[in-house]
Asks: 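Mind looking over this structure? Questions follow.
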Amino acid sequence: MTRRVVITGIGCVSSLGVGSAALWEGMMQARSAIVPTRLVQAGLEVVFPAAPVTGYFAEDHFDADDLPLRDPFAQYAVVATREAMRDAGLGAGEEEPGDTAVILGSGGGGEHAREEAAVRLFGERKLRCSPLLVPKTNNQASVGFVSIEFQVTGPSLVVSTGCAAATHAMAQAFLMIKHGLVRRAITGGSEAPLALSVFQAFDAARVLSHTTCRPFSRERDGMVIGEGGGIVIMEELESARARGATIYAEVMGAGMSADASNSVHPKEQGPMQAIAMALREGGLNLEDIDYINAHGTGTLVNDRVESRAIKSAFGDHARKLTVSSTKSLHGHTFGGAGGIEIVATLLAMKYGVAPPTANYLGPDEECDLDYAPNEPKQRRIDVALKQSFAFGGLNAVLALRRI
Amino acid sequence: MQDRSNAVIDAGICASIRAVKPSLENHFLEPETKFSSLGLDSMNMLTVAFEMEERFGVSIVDRHLDTFRTLQEARETVQGLLESSTVAKPAS
């Protein structure tokens, strides 16, 4: 017997500010948080458009003694979880702590600490590493800190599928609750990749914009890296109802697939297959879908292939969908992206407004859907998809329905 | 030549401790204060030793980590290591 899964709490830290309200306000103002950002390390300096977290001061959220062990990605996960737990009306040390899972996404873990260690080791030629380096850089550090703070002892793990990590993590959480392994899960993801080495690596692959992020638009020239995290509380429907929790949406289905084609060049078949799986599992028809929160990185290839995949998967209904990429507002936060974007999707469903695709200049030959260009679009959203794709050709899609 | 006065070494050790546990900023350490009483766990002590190595240019973690539990003992360990390094490299 399977159980129905709902979302009862949301939390977020992003370049639009600390908290889900700041994210929503920024999106409704179509205010892109992308700014020229200077990255300095070991006497080297580069400037890129990027979306650093704003209005966040670590000392406001953590005791000074706790900070040396927490790289920013782990801090964002904890801060977003606090908001999500509060929003869900839950606290630390709930009854049956083994009945809650913590499943988070992170593509890179402690990138800041790792870069500083590399400078010391290879640049300064100091062989001794800080004893904190391993626990600070581990991708699962975020999961550990969340489980400790909230005294959660259920299945706890990190999913590290790059840009799809948070969405894959939420898919695992959904399946665990659906199949009765746990009753509740803290899930989503976080990332803090504003390190010079990360930018140089992505720039070498020619996927970074040197202007801004304008998904699905003509003249788009790449993605813009951001920092932050988004967390949701998933729980079994009856348990949520029994405690009178406010329900944002039901998680209907999760779809996952691999392109099995090329590490960096996506194919439409993989995303289409993941969309089909999410709909099938959720018992949804193509016509049920109102809104897609797209992966929408702003690279030439992703947006073209994603648009093609939507058109192939939905046929005529593709023209009735609103598809937007909020990465144009808060940047691409890699393993945190799905977390921030599912918060955006849930708020879009709550308020009946599709967040805009900012910085949009006009249709591209192959990107010719309704992308809610530059302004929020009022529309009732009963069923929405959140889709995320990663290098390696790895795809994850979640289907959500208002109840 | 490095200043080996008790006050200078004590200040370096205290700065190492504060780097690991900033809440001890205004905490006065007696020579006989046990580090364990400051709430420093084993990972904290490893990191304190790492910070001391940085400040004094000595190697503690490999062989000397277990030789001190108090400020006084840490000072003696550092003094001993500084003296042996000077003996080993008189020309520098």
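Just so we're clear, the structure is a prediction, and the values are computed from it rather than from any experiment.
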Asks: Is it the side chain or the backbone of B:Glu54 that comes within 4.5 Å of chain A heavy atoms, both, or neither?
Replies: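 Side chain only.
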Asks: Could you grab the distance from atom CG of A:Leu69 to atom OG1 of B:Thr47, nearest 0.5 Å is fine?
Replies: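 That separation rounds to 8.0 Å.
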Asks: Kindly indicate, with the supporting measurements, whether the criterion side-chain contact (heavy atoms from CB on, under 4.5 Å) is fulfilled by A:Arg128 and B:Ser59.
Replies: CA-CA 9 Å; A:Arg128 181 83 73 198; B:Ser59 177; 3.3 Å; yes
Asks: Working to the nearest 0.5 angstrom, can you tell me the gap between B:Leu46 CG and A:Leu132 CG?
Replies: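 The distance works out to 9.0 Å.
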Asks: Mind checking the NZ-CD spacing from A:Lys126 to B:Glu53? Nearest 0.5 Å is all I need.
Replies: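 A:Lys126 atom NZ to B:Glu53 atom CD measures 11.0 Å (nearest 0.5 Å).
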Asks: Kindly compute the distance separating CG (A:Asp66) from NZ (B:Lys21), expressed to the nearest 0.5 Å.
Replies: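 A:Asp66 CG to B:Lys21 NZ: 8.0 Å, rounded to 0.5 Å.
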Asks: Any side-chain heavy atom of B:Met43 sitting closer than 4.5 Å to one from A:Pro135?
Replies: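 With C-beta onward as the side chain, the pair touches.
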Asks: Is the shortest side-chain heavy-atom distance between B:Pro22 and A:Asp65 below 4.5 Å?
Replies: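 When only atoms from C-beta onward are counted, A:Asp65 and B:Pro22 do touch, with a gap below 4.5 Å.
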Asks: In terms of heavy-atom contacts, does CZ of B:Arg18 have more than 12 from other residues, nucleotides or ligands at under 6.0 Å?
Replies: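 Atom CZ in B:Arg18 is crowded, with more than 12 foreign heavy atoms closer than 6.0 Å.
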Asks: If I measure from the heavy atoms of chain A, does B:Ala19 come under 4.5 Å with its side chain, its backbone, both, or neither?
Replies: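 Looking at B:Ala19, just its backbone touches chain A.
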